[in-house]
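Here's the structure, in structure tokens; my notes come after.
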Amino acid sequence: MNEAAFAAATTGLEAPPMTVFPYQIHATDGAARTGVLKTTRGDIRTPAFMPVGTAATVKALYMDQVKATGADIILGNTYHLMLRPGAERVKRLGGLHKFSTWQGPMLTDSGGFQVWSLSKLRKMTEEGVTFRSHIDGSEHNLTPERSIEIQADLLGADISMQLDECTPFGCSEKEARTSMELSIRWGQRSKVAFGTRDSQALFGIVQGSVFENLRRESAERLIETGYDGYAIGGLAVGEGFEKMCDVLDFTTPHLPTARPRYLMGVGKPIDLVEAVARGVDMFDCVLPTRSGRHGQAWSDHGPINIKRAEFAEDDSPLNPDIDCPASRDYSKAYLHHLFRAGEYLSAMLLSWHNIAYFQHLTARMRVAIAAGEFEAFRREFRGKWEQGEAQRAKANN
RNA sequence: GGAGGGGUGGUCGAGUGGUUAAAGGCACCAGACUGUAAAUCUGGCCGCGAGAGCGUACGUUGGUUCGAAUCCAACCCCCUCCA
């Protein structure tokens, strides 16, 4: 590490923009962009949907299947893996890529989301967060430094996320500011701990709840610190679709155009389309795999509850246009039967279809943006989505 | 033929005088799920009615009682053991 880099790493403020993973934007259409984030483990085509593999597995799928759906990158999780099997153990076993057999790029969440989702099991201080394990009740500390050590050194993530606090929705502006500023400080410490690396990247996370001034300030202060990518956190936590779009409207303009923007934890297909329209490049969400396990298949018209009686003798596939056996080759009647019978294959096929559908959706957006036809795509998609919503509303009356 | 046990809502199964339209499970009909404490959770589930409510219901028939799924009698059916 040279002197300038060391100074940058230790002050965390004057760092030059890092370009360890070049981001090539091939086309833009309105605020929407398509391009490639080039990592040492492979290219990530954007807009990108990253399947979530919390516990070193994209639940119910083989890594080969995940890859074949077109996913370029998947997620892992600091909190879950440090509890089980333990970050040091993963390191001894050769790192998360070797351990899981996923050889493409991997992004790990810092544990920041668990600060929110496990709020009853944690205690926060300036230093970091103490979790009581949801598995055995044992205590575990997570500081920004430890989170980076786990992600970058032990798991070997290609993209590490700064430790942050996923600010709960419904808090006051004052609380949101306090939380956002803590995340900024944790981000700076994360960056110092991360230092400069040849083949690994660090993303910062914009917080600020639904407050425009806070989101803007958060973005500006992250840029001062300088990250390889900029995530938008604290959304899809109860604020609703319209509000989320509003926040994106006044947040993405403050993020560097040259670096990837990652909307964390989002979302439904319509959320992806509308976020891409607002300049977001990357997404992750448990929805396709979780709802797959719960009997739901995704489509342009919204969710299909495969357990509904109407599918008992529906011989049509979920989506013949998607190049995935689960989408194309199996009938809804069969999937309906498997789910009703409680068969494992139900979760596997529905998760597979859903991941393939999300990849198909981002692929279509990439094509539309490259062709300069994203607005038309967006309009048509919204039409189908709203039509589906109207049909479901009618059926439920 | 003798002795004993049992018949409860689609199903399995609690309940042995009133707070019981009847626990609970399953099945069935729906809904939810957004950086995964989730192969989970929620609601509905006799009929009619928007609702208060009304009607019908614990094998059948009859009885006791202010009141019966619960007590009594007869009958029908099922199971176990003995001969």
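Model, not experiment: these values are computed from the prediction.
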At under 4.0 Å between heavy atoms, which parts of nucleotides 37-47 of chain B does protein reach? Answer with one letter per nucleotide, 5' to 3': B base, S sugar-phosphate only, - none. BBBB-------
Report each atom pair, protein N/O against N/O of nucleotides 24-27 of chain B, whose distance is under 3.5 angstrom.
none

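- The list of ring-ring contact (aromatic ring centres under 6.0 Å, His included) pairs with a residue in residues 34-76 of chain A, not counting sequence neighbours, reads A/F49-A/F358.
- In terms of the salt bridge (charged side-chain N to carboxylate O under 4.0 Å, His left out) criterion, residue partners of A/E145 (sequence neighbours excluded) are, by chain and number, A/R189.
- Residues forming a side-chain contact (heavy atoms from CB on, under 4.5 Å) with A/T125 (at least two apart in sequence, or on another chain): A/E127.
- With sequence neighbours excluded, the residues satisfying salt bridge (charged side-chain N to carboxylate O under 4.0 Å, His left out) with A/R41 are A/D158.
- At least one side-chain nitrogen or oxygen of A/N305 sits closer than 4.0 Å to the OP1 or OP2 atom of B/A32.
- Residues that satisfy the side-chain contact (heavy atoms from CB on, under 4.5 Å) test with A/A152, not counting sequence neighbours, are A/I148, A/S160, A/F194, A/R197, A/Q200.
- In this model, the phosphate group of B/U36 is approached by a side-chain N or O of A/N77 to a distance below 4.0 Å at OP1 or OP2.
- Remark: A/R216 pairs with A/E220 by the salt bridge (charged side-chain N to carboxylate O under 4.0 Å, His left out) rule, at least two apart or across chains.
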Can you give me every donor-acceptor pair (side chain of residues 111-118 of chain A, partner residue at least two apart or in another chain, under 3.5 Å) with its distance?
residue: A/Q114; atom: OE1; partner: A/N77; partner atom: ND2; Å: 3.2
residue: A/S117; atom: OG; partner: A/F113; partner atom: O; Å: 3.4

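- Residues of residues 171-187 of chain A having a heavy atom closer than 4.0 Å to RNA chain B: none are found.
- Under the ring-ring contact (aromatic ring centres under 6.0 Å, His included) criterion, no residue pair touches residues 158-188 of chain A, with sequence neighbours excluded.
- Residue pairs that meet the side-chain hydrogen bond (donor to acceptor under 3.5 Å, both in side chains) test with at least one member in residues 240-258 of chain A, sequence neighbours left out, are A/D249-A/R278.
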